[in-house]
Protein chains: 2
Amino acid sequence: MTTTQGARARARIEITAAIKDEARRQLAAEGAAKLSLRAVARELGMVSSALYRYFPSRDDLLTALIIDAYDSVGAAAERAHATAETAAPGDHLAHWTATCRAVRAWAVEHPHEYALIYGSPVPGYTAPQDTVVPASRVGLVLISVARAAYGDKGIALPPLPEVLRAEAERLAAGVAPDLPPPLVATLVSTWAQLFGLISFEVFGQFNNIVEDRDTFFANAAERLGRESGLLPKP
Amino acid sequence: MTTTQGARARARIEITAAIKDEARRQLAAEGAAKLSLRAVARELGMVSSALYRYFPSRDDLLTALIIDAYDSVGAAAERAHATAETAAPGDHLAHWTATCRAVRAWAVEHPHEYALIYGSPVPGYTAPQDTVVPASRVGLVLISVARAAYGDKGIALPPLPEVLRAEAERLAAGVAPDLPPPLVATLVSTWAQLFGLISFEVFGQFNNIVEDRDTFFANAAERLGRESGLLPKP
DNA sequence: CTGAAACGAGAGCAGTGCTCTTGCTCGTGA
DNA sequence: TCACGAGCAAGAGCACTGCTCTCGTTTCAG
């Protein structure tokens, strides 16, 4: 029933996937700016207008790629986290750094897809609602690490200044209501800072500056984790 | 002598500036992807081919805008730093946060120019050598804050792991040979993290998450400064 | 004063996103 | 069963892009 849904429907799925694959290939080769619908169609042996049956516009194709990219990096983070959890149960800092390293590895491996989701937003383009769930996957992993560490032994954080209390409470309510607001606020800024490290590397800001990027990042990620209170100070 | 260099040379300077101004206007209005040489020329009342007398290609125009943007944000940082220095001499943390806030304010005010320099690299991309000096201005301000704090009262930093020593020494040699390597390494990662905070805000990653971004950023910047050892722990 | 360099204008090329029309081919409801 | 509507590929075409080349004109320097 569900499998044999007609040759037509199946072909549509396959062709849609083929278009996305070819688009991803061009993305990896040339970057988002040079992704051309016509070139994709040409490579697939069809005419450009036929492609509009599957994606109503170039932006819609890009949106599909964005969603896939969020899912891809999110899955990588979840995988690394799960692996670290079974390899070193209870070592929250290890879970944290493993997750961070997986995200960075994905970014280095797929720089153009990374740029698509964490770089400059494309022209006049406002992210459709479909992207917000996939976009949150990495963040959810980071939160779950913090949650485990908090449930395990509590987390000592520097007290937030009074002016931030309202914001921290709103933040916590929307993101992780079961965690103390100061922790959530810290986590959000840590989250942004983590991607700052990755973006600077992927976008070339570290060129001629940082050489041994593996160890540099590993150290920075660990410090980030420490400062988020994932580990008692040594 | 130097002022009367012929009407032609003066015209060239003026027209070059006019082109960049109009390009900047289109950049702010539509983003880098939609910046069109023809539209710029049209708006300036000339024909598109004439524009190639001033910029040999679209990428060269973008490169000029990139350099200007680096200079603009660099100048903003230097200005803020100088002001803070005279307003609160010796308060290194205040100098730090003032600089950070100035950079963020510039970014929020010029999101597309910010995206141009700190977002995904646009063209086939190899950053021309002309950009590296302007690109370093913000970093130099941050370094000078750290240098002042270090010269003033020393800075206590957590010891770097042994694996990072070589990298930290190379880093320090290339960036600030007069500062202790661990401090320089910390500073570099702090630098990246600072721009992570700004990028997430400018690129919309904080949408529906962080509301009161002024205070959120101010707090995060201050913590970054503290963790870079700019202030003895309270 | 003259020749070379710089300049603006225009035509033209190859490419783009996107639309519209034209037939063909499925798959389903009568 | 089979006819009709929906889905599809193809092609022509529009308006736009970056960029090149040519052709007169203007300017400046030797």
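First the proteins, then the strands, lettered A, B, ... as listed; each starts at 1.
- Formation of a donor-acceptor pair under 3.5 Å by the A:Ser136 side chain with backbone atoms of A:Gly139 is not found in this model.
- In this model, the phosphate group of C:dC7 is approached by a side-chain N or O of B:Arg12 to a distance below 4.0 Å at OP1 or OP2.
- Phosphate proximity of C:dA9 to B:Tyr52: absent, as no side-chain N or O sits under 4.0 Å from OP1 or OP2.
- At least one side-chain nitrogen or oxygen of A:Arg42 sits closer than 4.0 Å to the OP1 or OP2 atom of C:dT16.
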Q. Should B:Thr190 and B:Ser228 be marked as a side chain to side chain donor-acceptor pair (under 3.5 Å) after you check the CA-CA gap, both sets of side-chain angles, and the distance that decides it?
A. CA-CA 7 Å; B:Thr190 301; B:Ser228 292; 2.9 Å; yes
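- For A:Ser49, the listed nucleotide lying nearest its side chain is C:dC20; candidates were C:dC20, D:dT17, D:dC19.
- Distance CD1 (A:Ile13) to P (D:dC8): 11 Å, rounded to an integer number of Å.
- With the nearest nucleotide of DNA chain D identified for both B:Ser57 and B:Arg53, B:Ser57 has the one nearer the 5' end.
- Contacts of B:Ile15 with the nucleic acid, taken as non-hydrogen atoms under 4.0 Å apart, involve only primed sugar atoms and P, OP1 or OP2.
- Across all strands shown, B:Leu35 has heavy atoms under 4.0 Å from sugar-phosphate atoms exclusively, and none from any base.
- Without hydrogens or angle criteria, A:Thr215 side chain to A:Asp212 main chain gives a donor-acceptor distance under 3.5 Å.
- Two rings, from A:Phe203 and B:Tyr118, have their centers 6.0 Å or more apart.
- One interatomic measurement links the two molecules: CG of A:Leu37 to P of D:dA9, which rounds to 14 Å at whole-angstrom precision.
- Across all strands shown, A:Tyr54 has heavy atoms under 4.0 Å from sugar-phosphate atoms exclusively, and none from any base.
- Close to D:dT17, at under 4.0 Å from its OP1 or OP2, lies a side-chain N or O of B:Ser36.
- Here the P atom of nucleotide C:dT16 and the CG atom of A:Leu62 are 15 Å apart, to the nearest Å.
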